[in-house]
Amino acid sequence: MITRPLTGKRIVITAGPTLEPIDPVRFLSNRSSGKQGYAIAQTLANAGADVILVSGPTALDVPEGVQRIDVESARDMLHAVESALPADVFIAVAAVADWRPAEVSSRKLKGEKTARAAIELVENPDILKTIAHLGARRPRLVIGFAAETHDVEAEAAAKRKRKGCDWILANDVSGDVMGGDANAALLITEEQSEHWPRAPKGEIAQRLTDRIARLFSTPASC
Ligand code: CTP
């Protein structure tokens with residue numbers, strides 16, 4: 001028998017990189033493949049959830065049964081997430097650019113014969129932190145991701161508090177993670193830290209889906 005424990009639950013998830021324009025042909029971005037976020041969207045949909053995937057540019061197909069909203073910049077991503085609420089769960093997997101160019105030139109910037117050039121940057125909104133502090137519109141469960149190279153547990157626990165989210169799934173990125181197919185992870189909740197051995201991104205996604213389903217199956221916590 002197929003069990004679909006998340007039937008009736010609405011889940012919004014961000015994935016992929018953001019792309020911050022400099023001029024009509026150039027942008028700032030990062031190497032996020034979107035694979036982990038897409039894998040989570042797929043396992044959540046398989047578990048019966050109504051999944052809205054707000055995605056930066058990736059080379060990936062829309063997971064089956066998932067509604068994808070395509071965005072480019074961090075500000076567009078935040079707007080799309082807010083428009084997709086209310087939801088029971090929000091999961092921030094996207095590698096959001098922390099900064100964007102202060103001004104976007106409407107004309108292609110011309111190379112000038114100077115030894116140095118500078119682009120002024122301003123801070124992007126923190127999507128995870130914003131959604132975690134929404135008050136009455138806050139999803140019941142807010143999950144963030146953390147990429148750490150050292151002191152993974154302490155850094156990720158501090159990040160959970162700083163961002164105001166309920167859980168953090170921390171990746172040890174001292175090996176190959178960005179664009180790779182496997183992750184070692186640590187799930188940090190208010191009560192505990194759970195070590196998950198290195199596993200393909202599909203398995204990490206299934207574990208996270210199972211944990212979410214378990215939370216929602218506990219009557220007192222829903
Ligand atoms: N995040 C977000 N909006 C941002 C920046 C990050 O929603 N503007 C989310 C990411 O989707 C992820 C978590 O916040 O869930 C990662 O937090 P971040 O502070 O960017 O941590 P790292 O990427 O681990 O980097 P650092 O430790 O350098 O802060």
Nearest heavy atoms of I131 and P139, plus distance in Å:
CG2-CD, 3.7 Å

CA sep, side-chain torsions, deciding dist, call: F145, I168, side-chain contact (heavy atoms from CB on, under 4.5 Å)
CA-CA 5 Å; F145 270 64; I168 281 264; over 6 Å; no

Give a yes or no on whether a salt bridge exists between E190 and R160, defined as a side-chain N under 4.0 angstrom from a carboxylate O.
no

Could you state whether I143 and V93 fall into the same hydrophobic cluster, counting links through intermediate Ile, Leu, Val, Met, Phe, Trp or Tyr residues with side-chain heavy atoms under 4.5 angstrom apart?
yes

Give a yes or no answer on whether the side chain of T43 reaches the backbone of A205 with a donor-acceptor pair at less than 3.5 Å.
yes

Any donor-acceptor pair under 3.5 Å from R137 side chain to L85 backbone
no

Residues R100, L28; criterion side-chain contact (heavy atoms from CB on, under 4.5 Å); working and verdict
CA-CA 7 Å; R100 67 174 184 276; L28 296 179; 6.0 Å; no

Backbone of E72 reached by a side-chain donor or acceptor of T18 within 3.5 Å
no

Identify whether the distance between the nearest side-chain nitrogen and carboxylate oxygen of K163 and D126 falls below 4.0 Å.
yes

Between V66 and I52, does the side-chain contact (heavy atoms from CB on, under 4.5 Å) criterion hold? Intermediate values first, please.
CA-CA 6 Å; V66 167; I52 296 101; over 6 Å; no

Hydrogens and angles aside, do Y38 and S55 bring a side-chain donor and acceptor to less than 3.5 Å of each other?
yes

Does any part of the side chain of I91, heavy atoms only, come nearer than 4.5 Å to the side chain of V142, both counted from C-beta?
no

L53 and A15 have their tightest heavy-atom pair at CD1-CB, 3.8 Å

Between S193 and L186 the two heavy atoms that sit nearest each other are CB-CD1, 4.2 Å

4.5 Å side-chain heavy-atom contact, V12 and V89:
no

Side-chain donor or acceptor of D88 paired with backbone N/O of R10 under 3.5 Å
yes

Lys NZ or Arg CZ of R211 over W167 ring: under 6.0 Å, within 45°:
yes

Measure across I22 and P101 and return the closest heavy-atom pair with its distance rounded to 0.1 Å.
CG1-CG, 3.7 Å

When you check the gap from the basic side-chain N to the acidic O, do R207 and D210 get nearer than 4.0 Å?
no

I'd like to know if I69 and L19 are part of one continuous hydrophobic network [Ile/Leu/Val/Met/Phe/Trp/Tyr, side-chain heavy atoms within less than 4.5 Å].
no

Audit row: I204, L169, side-chain contact (heavy atoms from CB on, under 4.5 Å) steps and yes/no
CA-CA 10 Å; I204 298 278; L169 193 63; 3.9 Å; yes

Can any side-chain N or O of R26 pair as donor or acceptor with the backbone N or O of L109 at less than 3.5 Å?
yes

Would you kindly say whether N124 and E20 are connected by a side-chain donor-acceptor distance under 3.5 Å?
yes

With the side chain counted from C-beta on, respond yes when I11 and F90 share a heavy-atom pair under 4.5 Å apart, and no when they do not.
no

Donor-acceptor contact present, side-chain N30 to main-chain V96, <3.5 Å
no

Give a yes or no on whether the backbone of K129 and the side-chain of H133 come within a donor-acceptor separation of less than 3.5 Å.
yes

For R138, is there an ion pair with D166 - N to carboxylate O distance below 4.0 angstrom?
yes

Nearest atoms (heavy-atom pairs only) where C165 meets A132:
N-CB, 4.1 Å

Rounded to the nearest 0.5 Å, what's the gap from CD1 on I40 to CD on Q42? Could you check?
12.0 Å

Rounded to the nearest 0.5 Å, what separation is found between the OG atom of S83 and the CG atom of L78?
9.0 Å

Which residues satisfy the side-chain hydrogen bond (donor to acceptor under 3.5 Å, both in side chains) test with E191, sequence neighbours excluded?
T189

Considering non-hydrogen atoms only, spot the tightest contact between V51 and A45 and give its length.
CG2-N, 3.7 Å

Once side chain to side chain contact (heavy atoms under 4.5 Å, CB included) is applied, do any residues pair with P24, and if so which ones, sequence neighbours excluded?
none

State, with a plain yes or no, whether a side-chain heavy atom of T209 is found less than 4.5 Å away from one of P5.
no

May I ask whether W196 and V152 are part of the same hydrophobic cluster, defined by side-chain heavy atoms of I, L, V, M, F, W, Y residues being less than 4.5 angstrom apart, directly or through others?
no

How long is the straight-line distance from NE2 of H79 back to CE of M77, given to the nearest 0.5 Å?
14.0 Å

Can you check whether E148 reaches K159 side chain to side chain, under 4.5 Å on heavy atoms?
yes

Quick one about E103 and S105 (side-chain donor to acceptor, distance below 3.5 Å, no hydrogens or angles considered), yes or no?
no

Reported CD-to-NE2 distance for the pair E153 and H150, which is rounded to 0.5 angstrom
14.0 Å

Test item: T149 and D172 side chains (from C-beta on) under 4.5 Å apart, heavy atoms
no

When you compare the side chain of I13 with that of V54, does any pair of heavy atoms fall below 4.5 Å?
no

Are side-chain heavy atoms of W99 and I119 found at a separation under 4.5 Å?
no

